[in-house]
Amino acid sequence: MPYDHEAIETRWQAYWEAHETFRADLDPSRPKFYVLDMFPYPSGDGLHVGHAEGYTATDIVARYKRMRGFNVLHPMGWDAFGLPAERYAMKTGTHPAVQMERCAANFRRQCKRLGFSYDWSREINTTDPRYYKWTQWIFLKIWGSWFDPEQNKARPIEELPIPPEVRAKGEKAVRAYQDEHRLAYLTNAPVNWCPELRIVLANEEVAEYVEQGYEVVRKPMTQWMLRITAYAERLLADLDELDWPENLIEMQRNWIGRSEGAEIDFSVDGHDATITVFTTRPDTLYGATYMVLAPEHPLVARITTDDRREEVRAYVDRTLHRTERERQAESAEGVKTGALTGAYAVHPLTGAKIPIWIADYVLMGYGTGAIMAVPAHDERDHAFARTFRLPIVQVVAPADGRAVDIEQEAFCEPGVAVNSPAIEGLPTAQAKAKMIEVLEEKGVGRRRVTYKLRDWLFSRQRYWGEPFPLIHRPDGTVEAVPEEELPVTLPDLDDFSPSETGEPPLAKAKDWVELPDGSRRETNTMPQWAGSCWYYLRYCDPRNDERFVSPEAERYWMPVDLYVGGVEHAVSHLLYSRFWHKVLYDLGYVSTNEPFRRLVNQGMILGATFVPKDRRRRADGKPVQYLPHEVERREGEGGEVRYVVRETGEEVEIQWDKMSKSRGNVVNPDEVVAEYGADTLRVYEMFMGPLEHSAPWQTEGVAGIHRFLGRVYRLFFEETPDGDRLRTLAEGEGTDRQRRLLHRTIADVTERIEKLAFNTAISALMVFVRDIASEAEPLPRMAADAFARLLAPFAPHLAEEIWHALGHADSLAYAPWPEADPAALEAETFPLVVQVAGKRRAEIQAPVDATKEELIELAQKAPEVQRHLQGRTPRRVVVVPKRLVNFVL
RNA sequence: GCCCGGGUGGCGAAAUCGGUAGACGCGGGGGACUUAAAAUCCCCUCCUUCGGGGUGCGGGUUCGACUCCCGCCCCGGGCACCA
């Protein structure tokens, strides 16, 4: 009988399940290895082959490490809060919890069918009250802390020093002071509100809804923020200690966006007010010819003169009604808009009066929300100055003395200061430093570092998320729900939409919101990121009802040794969880500064669609496309491949895209497993190329891997009338050749798994299977035994089948990994490449212990070499031991 | 625009402390087995005017460059009025 993947795989999956083979228990006597997948949102579509790629990679590592004697933690769970379930509920009336449970069950089934060696006893679900109890608990720790800039860490709010003047004002003032300093604080932040649909939209959703004709306005709402900016410096600095992909580290660096410069104070003429600006180019201060405030800047209303008031108000209004996207589109075209306030600022060095404008190219969220405009040396200021015909004064000149036309174009490069009395002639770097000194002396400026990173908007006006464990008292104060009352569970609702005024859906659960003493529960819920911020900690101790994780379990398992997932979480999840982790670290709840030591991003698996050569579109504007089953592959005269639509005969081109439901190019792992088996799917996905690369899904390749596994099967089993049975093996290690091949394979596979170069590890297995045995040299017992173990991480079901047939009673999940014998890796001879004038002319077998002279002598004798030397004497002979000899002419 | 990553056969790729370019697989061609087919097994498969030429392009260093240096081009990703 040929290789029956179905029977083999179901047999071993049942065995693993019955024996709890992959259960991990805390065992301080053994070294641990924590290998983690980014847990999925269990969508209704089920797992797709993209998930399977990352999960297979971690599974290989988990299985390999177990065989190497590590106590491996390899868990899985569900990030199950979130919008799709809530939307689905609004459409169908199915409660999100019910839908979520269905989807999770499907994901679990698929994971098991792929043979992933998760410890299912540790499965978690972020929507389980026993889980989100601790999400709420951690939130309360964050809320209950402040960031001490002196110790550069979070501390309990009780330890916040209260200034005497605050204390003098009484208890309420103290509370207000504390609230201002907490790591979780309330603010009035604008959200994208869609009045018709009564929903709040994420920034990236706005364009889509506006396109559909809905009105979207920026509406201020009371929101919870987390003070992630306090950690900007540490989040940046600690990137250095991580073994993460360089591009991802770079993305986090850019996101945090540290920039060094100075704050400079400008007083407002005729007002008792100061405008503080941030600039990275304090050296250009003398070139500041006007000021610009963000439209939202608190001083705008105060300093605007009566004659300008109407225009300013209109401009502010216009800004509020435009989405981020519209503003971005405009900025991309270099269009600058603004309004004059009528007020003037006093230049801190020259005393000159310069006009104050407002413009939306200045952002309230960055720096101080105000700038000094230096049109000569900043492109944006230049564009603005040209639009409104403002003066442009050059204060930096190119160091090489070349002339620049400052009216035409801003000069933004470093140079030397000109027209700048305090720093005249200094190169830019020194000019900056000197200017800061001057400003500090006069008390009108100081060195300052700013970050692009903003505080984290942490509340959502949704139902399906963690409720905040907070209570609003009638006197306006906010209080934590006592720890012993956690979790605050979600009330049952059947209508999940917000109220007309935009109040979150939870506000409708009157019995839940209103407490007997007149207090009200917080009705926002947490964003989906909350649950994923700390799930890797919960896996260490998932059933603990006393703590979010016991100190013993945390100290033993953490940090995560290998974390694999898509790059789409580069700055969101990976930054947020680092932040939470650092807070927990500061408060003494976890022992590591960073949660994920090594991180790898798997590439995307691309799906095929076929498009007409003219790229025509349908009536509705969508491109015409065909799916693989509608297209036939044809071979042309010269062997070139053509694709033709079956029905019409039209020739089309293949196109590879990210798999998505809307494109219809998704490959369902269930179908692949049904036809070829889980082992084939696993090995194929790993053989496609490097884990980090994106690669197209090619069905022919899957069949090729299935053929390989069939060969493996036949290497071990032969057909008999009574069914398949193990072939007769040669005892021991077989011939020298076989022995060398085996040990070479062990060494290669081991090294390549360590490097996560699974594609090349598999090719080593293929070479072994091709060459190990023949009629004259039957498969040796030792080789068979070792190979089963080498195969196990990749194709665990087939490996178990072989292992069992070889007479082992237990699963090979914990069989020791084979060791390569260094002696067997050394052959007596090696292929010596001989070059003449740098061109390869011959290859001869040479003894490994030959001296340089002997190698030259050997090489010279080769007939090919003689022919190309043509009796000439080489000018030089280069010898590379164990590799080549080159006769230089 | 700025910042990252990457360009190697028809395709996925391998080889980078400089040392046989194209391992392994797909696709393609040929053969064996078979009454036949499927399955399986074996061989060939970068180009070539047979001298040689080839790792995106042009230079350079070197006995020797996919690998190092300089200057370009193209593709992918991220960010984007961040002062």
Side-chain angles (χ1 to χ4, degrees), chain A residues 2 245-255 257-259 261 277-281 284 292 294 327-328 330-336 359-363 365-374 377-381 383-384 450-454 567-568 570-571 601 603-604 633 635-636 638-641 654 683-684 687-690 692-705 707-708 710-711 714 757 759-767 770 831-843 874-889:
Chain A
E246 194 46 50
N247 66 321
L248 199 142
I249 291 197
E250 203 54 36
M251 278 162 77
Q252 290 222 345
R253 280 202 190 110
N254 290 341
W255 192 260
R258 183 182 201 272
S259 71
V277 303
F278 173 72
T279 177
T280 54
R281 294 293 303 272
T284 63
V292 187
R327 287 170 70 159
Q328 279 169 20
E330 224 174 52
S331 84
E333 288 158 21
V335 176
K336 290 279 179 289
D360 64 3
Y361 82 92
V362 174
L363 310 173
Y366 184 77
T368 59
I371 62 157
M372 63 177 202
V374 185
H377 307 291
D378 182 285
E379 278 174 28
R380 297 151 300 180
D381 297 344
F384 190 85
T450 36
Y451 301 90
K452 229 155 70 172
L453 183 69
R454 319 276 181 90
V567 72
E568 63 271 21
V571 282
N601 291 128
M604 267 184 302
R633 190 195 144 104
E635 228 36 72
E640 82 278 2
V641 176
I654 193 161
V683 175
Y684 172 67
F687 192 64
M688 290 171 85
E692 301 85 347
H693 283 199
S694 293
W697 180 274
Q698 288 168 309
T699 311
E700 303 83 14
V702 182
I705 294 300
R707 278 199 291 275
F708 165 63
R711 275 197 292 277
R714 285 190 305 277
N759 53 333
T760 54
I762 292 164
S763 88
L765 294 173
M766 287 172 167
V767 169
R770 185 190 65 191
L832 175 75
V833 170
V834 187
Q835 296 180 332
V836 178
K839 292 198 182 359
R840 177 177 176 271
R841 294 303 181 190
E843 183 180 307
R875 243 186 328 133
R876 227 180 107 188
V877 185
V878 180
V879 181
V880 182
K882 291 195 188 170
R883 286 206 184 269
L884 64 67
V885 172
N886 185 10
F887 295 100
V888 183
L889 292 176

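Naming convention: chains lettered A, B, ... in sequence-line order (proteins, then strands); numbering from 1 in each chain. The structure presented is a predicted model; accordingly, all values stated were derived computationally and were not measured.
Residue A:Q252 contributes atom CD, which lies 15 Å from atom P of B:rG78 at whole-angstrom precision. Rounded to whole angstrom, the span from the CG atom of A:N254 across to the C1' atom of B:rA80 amounts to 10 Å. We find that CG of A:N759 is positioned 9 Å from C1' of B:rG12, with the value rounded to whole Å. A:L248 places its CG atom 12 Å from the P atom of B:rC79, with the value rounded to the nearest Å. A straight line from CZ of A:R707 to P of B:rG25 spans 10 Å, rounded to a whole angstrom. Following rounding to the nearest Å, A:F384 (CZ) and B:rA83 (C1') show an atom-to-atom distance of 14 Å. Protein atom CG of A:N247 is 13 Å distant from nucleotide atom P of B:rG77, rounded to whole Å. Here the C1' atom of nucleotide B:rG1 and the CG atom of A:D378 are 13 Å apart, to the nearest Å.
Listed nucleotides B:rA23, B:rG25, B:rG12 differ in distance to A:M766; the shortest reach to its side chain belongs to B:rG25. In this structure, of B:rC81, B:rC11, B:rG64, it is B:rG64 that holds the atom nearest to the side chain of A:N886. For A:E700, counting side-chain heavy atoms from C-beta on, the closest listed nucleotide (B:rG27, B:rC79, B:rG19) is B:rG27.
Between B:rC24 and A:R770, a contact under 4.0 Å exists linking OP1 or OP2 to a side-chain N or O.
At a cut-off of 3.5 angstrom, the base of B:rC81 holds at least one donor-acceptor pair with the side chain of A:K336.
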Decide yes or no on side-chain contact (heavy atoms from CB on, under 4.5 Å) for A:Q698 and A:Y684, but give the supporting numbers first.
CA-CA 10 Å; A:Q698 288 168 309; A:Y684 172 67; 3.9 Å; yes
Practice item. Kindly determine whether A:V878 and A:Q835 satisfy side-chain contact (heavy atoms from CB on, under 4.5 Å), including the steps that lead there. Key: CA-CA 9 Å; A:V878 180; A:Q835 296 180 332; over 6 Å; no
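Across all strands, A:S259 comes closer than 4.0 Å only to sugar-phosphate atoms, never to a base (heavy-atom distances). Here A:R258 lies out of heavy-atom contact (under 4.0 Å) with every strand. Among the atoms of the strands shown, only primed sugar atoms or phosphate atoms (P, OP1, OP2) are found under 4.0 Å from some heavy atom of A:P690. In this structure, A:S694 reaches the sugar-phosphate backbone alone: every heavy-atom distance under 4.0 Å involves primed, P, OP1 or OP2 atoms, never a base. At a threshold of 4.0 angstrom between heavy atoms, the contacts of A:R840 include nucleobase atoms, whether or not backbone atoms are also involved. Using a 4.0 Å heavy-atom criterion, one finds that A:R253 contacts no nucleic acid atom at all. When heavy atoms are screened at a 4.0 angstrom cut-off, A:E379 is found touching no nucleic acid atom at all. In this structure, A:V878 reaches the bases: a heavy-atom distance under 4.0 Å links it to at least one base atom across the strands shown. Across all strands, A:E250 comes closer than 4.0 Å only to sugar-phosphate atoms, never to a base (heavy-atom distances). Within 4.0 Å (heavy atoms only), A:G704 reaches sugar-phosphate atoms of the nucleic acid but no base atom.
No side-chain heavy atom of A:R840 sits less than 4.5 Å from a side-chain heavy atom of A:L884. Counting only heavy atoms from C-beta outward, the side chains of A:M372 and A:T279 approach each other to under 4.5 Å.
Nucleotide B:rA15 forms no Watson-Crick or G-U wobble pair with any nucleotide shown, as no partner meets the under 3.5 Å limit on both distances. Judged by Watson-Crick or G-U wobble contacts below 3.5 Å, the nucleotide B:rU62 has no partner. Using the Watson-Crick or G-U wobble rule with both distances under 3.5 Å, B:rC81 pairs with nothing in any strand shown. With both pairing distances under 3.5 Å, B:rG5 is matched to B:rC75 as a Watson-Crick or G-U wobble pair.
Taking atom P in both B:rG27 and B:rG22, the straight-line distance is 22 Å, to the nearest Å. Taking atom P on both B:rG58 and B:rA65, the two are 15 Å apart, rounded to the nearest angstrom.
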